[in-house]
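Notes follow the structure.
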Amino acid sequence: MKIVVLRLGHRLFRDQRMTTHVALTARALGAEGVLLTSSDKSIGKNLDDVAKRWGGEFYVRSGISWKGEVKKWKDAGGKVCHLTMYGINLPDIIDEIKDAEKLMVIVGAEKVPAEVYDLADWNVAIGHQPHSEVTALAIFLDRLQEGVELKRSFKGGLKVIPKRRGKCVKRG
Ligand code: SAM
């Protein structure tokens, strides 16, 4: 399954770290890239640095028009899943979503425009309590891929040698 994450909104200061963590989570848990409505280029730079060190390919596109990207994605046959506490609870809908070949996962920051709820093929809650876009994305991506994403290798980067105690890293 081809997965891309679209991060809607970005409040300066509050969201600087949150948006970076959305992108880090997307990269680490199976997405091929992240689309940011924010034009803050520093996030892309951070992720490039991480990919240089830990391997793999990952893209960050900043300053995108979310409507344009959603339309393009759907016109190309992709499906759209919007994570929102108001949606259908994850356990009750995840099996439907697993059949998608190309999936765009949308997470918000501040108030999400009502239009997003209409354009999405699925509006999915990770429980019906407010938490965060990073938590929602992580749980969703892991349930969607049933943990397979945790075993993925990232070409060309440092490799962690798992240890019960202590840390061990070797060149890729
Ligand atoms: N107040 C904003 C609104 O109502 O549109 C949402 C703010 S929330 C901190 C930011 C994002 O976290 C949401 O847009 C959603 O993507 C995600 N999120 C938070 N809690 C969630 C939940 N229980 N289920 C799914 N997504 C959630």
Side-chain angles (χ1 to χ4, degrees), residues 1-44 46-47 50 58-76 78-150 152:
M1 181 188 286
K2 179 183 165 96
I3 303 169
V4 68
V5 172
L6 188 150
R7 167 32 167 207
L8 259 178
H10 177 78
R11 286 160 294 187
L12 234 42
F13 308 117
R14 181 234 183 231
D15 290 335
Q16 173 70 24
R17 283 183 66 73
M18 287 299 273
T19 302
T20 302
H21 281 229
V22 163
L24 286 169
T25 303
R27 175 185 171 275
L29 299 186
E32 63 169 47
V34 69
L35 308 174
L36 306 177
T37 53
S38 144
S39 41
D40 181 347
K41 293 266 184 278
S42 66
I43 293 156
N46 289 350
L47 271 285
V50 168
F58 186 77
Y59 60 80
V60 177
R61 288 182 34 223
S62 317
I64 56 102
S65 140
W66 70 266
K67 260 189 223 169
E69 291 298 330
V70 166
K71 183 173 178 337
K72 209 165 58 179
W73 186 261
K74 293 183 78 145
D75 288 351
K79 293 288 186 194
V80 176
C81 176
H82 167 223
L83 301 185
T84 167
M85 66 186 263
Y86 306 102
I88 302 297
N89 209 1
L90 182 64
D92 303 327
I93 196 163
I94 188 70
D95 290 339
E96 263 179 61
I97 304 172
K98 284 178 182 168
D99 295 339
E101 276 164 36
K102 289 173 46 155
L103 188 68
M104 174 185 283
V105 185
I106 298 178
V107 289
E110 63 269 32
K111 193 116 198 67
V112 173
E115 229 175 324
V116 175
Y117 292 78
D118 298 332
L119 287 171
D121 296 285
W122 300 284
N123 288 288
V124 178
I126 314 296
H128 296 296
Q129 293 298 319
H131 41 77
S132 101
E133 50 273 44
V134 178
T135 312
L137 181 62
I139 292 173
F140 177 79
L141 289 176
D142 188 53
R143 289 283 183 89
L144 177 72
Q145 302 166 93
E146 300 172 3
V148 169
E149 80 289 348
L150 297 176
R152 212 178 118 207

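One-based numbering, in listed order, for ligands and for the atoms of each.
- Nearest non-hydrogen protein atom to atom 15 (C) of ligand 1 is Leu83 O, 3.1 Å.
- Protein heavy atom closest to atom 21 (C) of ligand 1, with residue, atom name and distance, is His131 CE1, 3.6 Å.
- Proximity of His82 to ligand 1, defined as any heavy-atom pair under 4.0 Å, is not found for any part of the residue.
- The shortest N or O to N or O distance between Ala136 and ligand 1 is not under 3.5 Å.
- Each of the following atoms of ligand 1 lies closer than 4.0 Å to a heavy atom of Thr84: 24 (N), 25 (C), 26 (N).
- Shown here for Gly9 and Glu110, the closest heavy-atom pair between the two residues is CA-OE1, 3.7 Å.
- Listed by chain and residue number, Asp15, Glu133 satisfy the salt bridge (charged side-chain N to carboxylate O under 4.0 Å, His left out) test with Arg7 (two or more places apart in sequence, or in another chain).
- The distance criterion of under 3.5 Å between nitrogen or oxygen atoms is not met by Ala109 with respect to ligand 1.
- For atom 11 (C) of ligand 1, the closest non-hydrogen atom on the protein side is Gly108 O, 3.6 Å.
- Remark: atom 26 (N) of ligand 1 lies closer than 4.0 Å to at least one protein heavy atom.
- A heavy-atom distance below 4.5 Å is found between the side chains of Ile3 and Val105.
- Here the closest heavy-atom approach between residue Leu103 and residue Cys81 is recorded as CD1-CB, 4.0 Å.
- In terms of the salt bridge (charged side-chain N to carboxylate O under 4.0 Å, His left out) criterion, residue partners of Asp75 (sequence neighbours excluded) are, by chain and number, Lys71.
- Using a 4.5 Å heavy-atom threshold, the side chains of Val4 and Leu35 count as touching.
- Residues Ile97 and Lys79 are not in side-chain contact: their nearest non-hydrogen atoms beyond the backbone lie 4.5 Å or more apart.
- The protein heavy-atom contact nearest to atom 12 (O) of ligand 1 is Glu133 N, 3.1 Å.
- The closest protein non-hydrogen atom to atom 24 (N) of ligand 1 is Ile126 N, 2.9 Å.
- Looking from atom 5 (O) of ligand 1 to the surrounding protein, the closest heavy atom is Val112 N, 3.1 Å.
- Among all heavy-atom pairs drawn from Pro113 and Trp66, the shortest one is CG-CZ2, 4.1 Å.
- Within ligand 1, counting atoms from 1 as listed, the ones closer than 4.0 Å to a heavy atom of Gly127 are 22 (C), 23 (N), 24 (N).
- Below 4.0 Å from some heavy atom of Glu110 lie the following atoms of ligand 1, by number and element: 2 (C), 5 (O).
- Enclosure of atom CZ in Arg152 by more than 12 non-hydrogen atoms of other residues, nucleotides or ligands within 6.0 angstrom is indicated.
- By the criterion of a heavy-atom distance under 4.0 Å, neither the backbone nor the side chain of Leu8 is placed next to ligand 1.
- Taking all heavy atoms of Met85, Lys111, Arg7, Met18 into account, the minimum distance to atom 4 (O) of ligand 1 is reached by Lys111.
- With hydrogens and angles disregarded, no donor-acceptor distance shorter than 3.5 Å links the side chain of Glu32 to the backbone of Lys2.
- For Val124, the closest heavy-atom approach to ligand 1 falls below 4.0 Å.
- Where the criterion is an N or O separation shorter than 3.5 Å, residue side chain and backbone included, Tyr117 fails it with respect to ligand 1.
- The closest protein non-hydrogen atom to atom 23 (N) of ligand 1 is Gln129 O, 2.7 Å.
- When the shell of 6.0 Å around CG of Leu150 is examined, it contains more than 12 heavy atoms from other residues, nucleotides or ligands.
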